[in-house]
Amino acid sequence: YSTSGNVTAWKAGGTWKTPVDGLSLRAVTSRDIRAPNLSELFAAPVVTNTTVIFNGATYNLLGETVGNPNLKPEIAHNTTFGIALSQPQWLPGLSASIDYYDIRVENEISALTAQQEADLCSGGNQQLCSQMLLTSPTPNTNYIRVQSFNLAKVRDEGYDIEVMYRTGLAPLRLPGSVTLRALATRTISFLTNSGLPGSIPVQSAGVNLANAVTSSSVPFWKANFTEGWDSGRYGLTVAERWFSDGVYDREYIQCTTNCPVSTINHPTINNNVMKGAIYVDLGGTYNVTGNVTAFFKIDNLLNKAPEPAPQSTVYYGVNPYLYDVLGRMYRVGVRMEF
């Protein structure tokens, strides 16, 4: 790369079909890279009004988001291994697998929020103090600069489970066939260590509120379930999207009495529970002709409201990366092939 020089990537893996009918073992390990994109390197400054709290005082200032041409490629070491069962003779139509994964990333490209930069500067980080000006006597010239940088390291560890079963209904004297599918992810750990002075490793596994470290949410459990029936001319599908209960932040200390002193790294909170959710979708198809198919889809069939997110950085007070923010939504249409 013209900005960062050479990098090396490799991958090795294998699969063993065991003597057990339909059962196989598999494993893969690799060294992967992701170079910074043009926006992360050279994005022109975008200035907005923002507010930060610094040493107990509130400052209204200009927030400048800009690229960082000094970024280096991210380097990841990935290891996965698992067991797969595919179409065994004793139960045709069944496929199942479970895979453990361990992903370790160095130099991850990410950015802090304006408030996090102000907090770390207050804690003594001079590198971040150089990215802000809070005491200018000239109006509208105080600013804080936010840009991407290379975090020290991230480790994501967990396992994926997938089960699918397909069978015809003729033995029951019913038309068509049924397909059942479940896909779940269990996150054991999602630990981020920025390496910045005054900061601590941040555990995001089980966090249902998007934060500046992950920019998304990492529930302990996340799963999709699908039940489908297809007769050839008609089709009906029910799908469930589910994720487990979590917290606003794993670093918060929940207490109501005898609380310790609230700190930047470990703030206190009286309720650190953020409920999970399950959303049900319904869809159907009708083959009018061989080339024309009519369909309908109802997302969030039960019209489940999202969980409120106090202290959220998004303006509507919920986490749109995880929760449904639209409510029940209908779609109908026709697909045609020529």
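Everything numeric here is computed off the predicted structure, so don't read it as measured data.
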Practice task
Rounded to the nearest 0.5 Å, what's the gap from CG on Leu282 to CG on Leu236? Could you check?
Solution key: 5.5 Å
Exercise for the section: Kindly indicate whether the side chain of Val28, heavy atoms from C-beta on, has any atom under 4.5 Å from the side chain of Asn78. Expected result: no
Handout entry: Donor-acceptor contact below 3.5 Å, side chain Asn150 vs main chain Asn107
Key = yes
Practice task
Output yes when a side-chain donor or acceptor of Gln115 lies under 3.5 Å from a complementary backbone atom of Val52, and no otherwise.
Solution key: no
Fill in the blank from the handout: In short, disulfide (SG to SG under 2.5 Å) pairs touching residues 22-59 with sequence neighbours left out are none
Handout entry: Modelled atom types, side-chain donor and acceptor of Asn60 and Asn49, under 3.5 Å
Key = no
Exercise for the section: Would you mind reporting whether Glu251 and Val202 have side-chain heavy atoms less than 4.5 Å apart? Expected result: yes
Problem - Closest approach of Gln87 to Ser95 (non-hydrogen atoms, all atoms of both residues) - result: NE2-OG, 3.5 Å
Completion exercise
Nearest heavy-atom contact between Ser130 and Arg145 is O-NH1, 4.5 Å
Handout entry: No-hydrogen, no-angle side-chain donor-acceptor test under 3.5 Å, Thr289 and Asn291
Key = no
Problem - Gap between atom CZ of Arg331 and atom NZ of Lys297 - 0.5 Å precision - result: 5.0 Å
Handout entry: Exceeds 12 heavy-atom contacts within 6.0 angstrom, atom CG of Asn55
Key = yes
Problem - N/O donor-acceptor pair under 3.5 Å between Asp230 side chain and Gly235 backbone - result: no
Handout entry: Asp99 and Thr80 side chains, donor-acceptor separation under 3.5 Å
Key = no
Exercise for the section: Go through the steps to decide whether Thr263 and Asn265 satisfy the test side-chain hydrogen bond (donor to acceptor under 3.5 Å, both in side chains), and finish with yes or no. Expected result: CA-CA 5 Å; Thr263 65; Asn265 290 327; 5.8 Å; no
Practice task
Please report the C-alpha distance between Glu227 and Thr237 in whole Å, then the side-chain angles of each, then the deciding distance to 0.1 Å, and finally whether the side-chain hydrogen bond (donor to acceptor under 3.5 Å, both in side chains) criterion is met.
Solution key: CA-CA 6 Å; Glu227 303 85 39; Thr237 301; over 6 Å; no
Problem - Side-chain (Asn142) to main-chain (Thr135) donor-acceptor, under 3.5 angstrom - result: yes
Handout entry: CG on Leu134 to CD1 on Ile144, rounded to 0.5 Å
Key = 7.0 Å
Practice task
Only pairs at least two apart or in different chains count here, so list each ring pair (Phe, Tyr, Trp, His ring centres under 6.0 Å) that has a residue in residues 266-286.
Solution key: Tyr234-Tyr286
Practice task
Tell me yes or no: between the side chains of Ser217 and Asn208, is some donor less than 3.5 Å from an acceptor?
Solution key: no
Exercise for the section: Determine, using the 4.5 Å side-chain heavy-atom cutoff (strictly less than), whether Tyr248 and Leu322 are members of one ILVMFWY cluster. Expected result: yes
Handout entry: Side chain Asp21, main chain Gln89, donor-acceptor under 3.5 Å
Key = yes
Handout entry: Basic-acidic side-chain contact under 4.0 Å: Arg181, Glu162
Key = yes
Fill in the blank from the handout: Between Tyr165 and Pro92, the two heavy atoms sitting closest are CE1-O, 3.6 Å
Exercise for the section: Would you confirm whether Asp156, through its side chain, and Ile103, through its main-chain N or O, come within 3.5 Å as a donor-acceptor pair? Expected result: no
Fill in the blank from the handout: Smallest heavy-atom separation, Asn224 atom then Arg241 atom, equals OD1-CG, 3.5 Å
Problem - Geometric class of the Tyr323/Phe243 ring pair [parallel <30°, tilted 30-60°, perpendicular >60°] - result: perpendicular
Practice task
Let me see the working for Asp324 and Lys304 under salt bridge (Lys or Arg N to Asp or Glu O under 4.0 Å), right down to the final yes or no.
Solution key: CA-CA 8 Å; Asp324 188 306; Lys304 184 175 179 62; over 6 Å; no
Practice task
Would you give the length of the straight line joining atom CZ of Arg26 to atom CH2 of Trp16, rounded to the nearest 0.5 angstrom?
Solution key: 15.0 Å
Problem - Student check: side-chain heavy atoms of Glu106 and Glu74 closer than 4.5 Å - result: no
Fill in the blank from the handout: Residues pairing under ring pair (Phe, Tyr, Trp, His ring centres under 6.0 Å) where one sits in residues 84-106, two or more places apart or in two chains, turn out to be Phe81-Tyr100
Practice task
Could you give me the CA-CA distance, side-chain angles and deciding distance for Arg186 and Asp160, then say whether salt bridge (Lys or Arg N to Asp or Glu O under 4.0 Å) is met?
Solution key: CA-CA 6 Å; Arg186 171 65 164 96; Asp160 296 323; over 6 Å; no
Handout entry: CA sep, side-chain torsions, deciding dist, call: Asp102, Thr79, side-chain hydrogen bond (donor to acceptor under 3.5 Å, both in side chains)
Key = CA-CA 5 Å; Asp102 185 0; Thr79 300; 6.0 Å; no
Problem - Side chains of Thr15 and Leu25 in contact at under 4.5 Å (non-hydrogen atoms) - result: no
Completion exercise
In this structure, CZ of Arg155 is separated from NE2 of His77 (nearest 0.5 Å) by 12.5 Å
Exercise for the section: Please examine the side chains of Thr187 and Lys222, heavy atoms only from C-beta on, and report whether any two atoms are closer than 4.5 Å. Expected result: no
Problem - Within-4.5 Å side-chain heavy-atom neighbours: Arg328 and Ile298 - result: yes
Practice task
Test salt bridge (Lys or Arg N to Asp or Glu O under 4.0 Å) on Glu307 and Lys275 and set out the steps.
Solution key: CA-CA 7 Å; Glu307 184 75 4; Lys275 294 292 185 180; over 6 Å; no
Exercise for the section: Verify side-chain hydrogen bond (donor to acceptor under 3.5 Å, both in side chains) between Ser148 and Asn68, making sure each step is shown before the conclusion. Expected result: CA-CA 6 Å; Ser148 297; Asn68 181 1; over 6 Å; no
Practice task
Determine, using the 4.5 Å side-chain heavy-atom cutoff (strictly less than), whether Val178 and Leu174 are members of one ILVMFWY cluster.
Solution key: yes
Problem - Considering all heavy atoms, the nearest Ala76-Val105 contact - result: CB-CG2, 4.0 Å
Problem - Distance-only donor-acceptor check, side chains Gln203 and Ser189, under 3.5 Å - result: yes
Problem - Sub-4.5 Å side-chain heavy-atom contact between Leu85 and Leu94 - result: yes
Practice task
Please examine the side chains of Arg250 and Ser204, heavy atoms only from C-beta on, and report whether any two atoms are closer than 4.5 Å.
Solution key: no
Practice task
Could you pull out the closest heavy-atom pair between Ser244 and Pro219, with the gap in Å?
Solution key: OG-CB, 4.3 Å
Exercise for the section: Report the C-alpha separation of Phe295 and Val332 in whole Å, then their side-chain angles, then the decisive distance to 0.1 Å, and conclude whether the side-chain contact (heavy atoms from CB on, under 4.5 Å) test is met. Expected result: CA-CA 6 Å; Phe295 67 90; Val332 294; over 6 Å; no
Practice task
Treat each ILVMFWY residue as a node, draw an edge where side-chain heavy atoms are under 4.5 Å apart, and state whether Ile53 and Leu61 are in one component.
Solution key: no
Problem - Check against salt bridge (Lys or Arg N to Asp or Glu O under 4.0 Å), Glu40 and Arg34 - result: CA-CA 12 Å; Glu40 291 166 335; Arg34 187 188 79 87; 3.2 Å; yes
Problem - same_hphob_cluster(Tyr143, Val146) at 4.5 Å side-chain heavy-atom cutoff - result: no
Practice task
Please confirm whether the backbone N or O of Thr138 pairs with a side-chain atom of Thr141, one donor and one acceptor, at under 3.5 Å?
Solution key: yes
Handout entry: Transitive ILVMFWY side-chain link Val280 to Leu180, under 4.5 Å
Key = yes
Handout entry: From OG1 (Thr256) to CG (Asn270), nearest 0.5 Å
Key = 7.5 Å
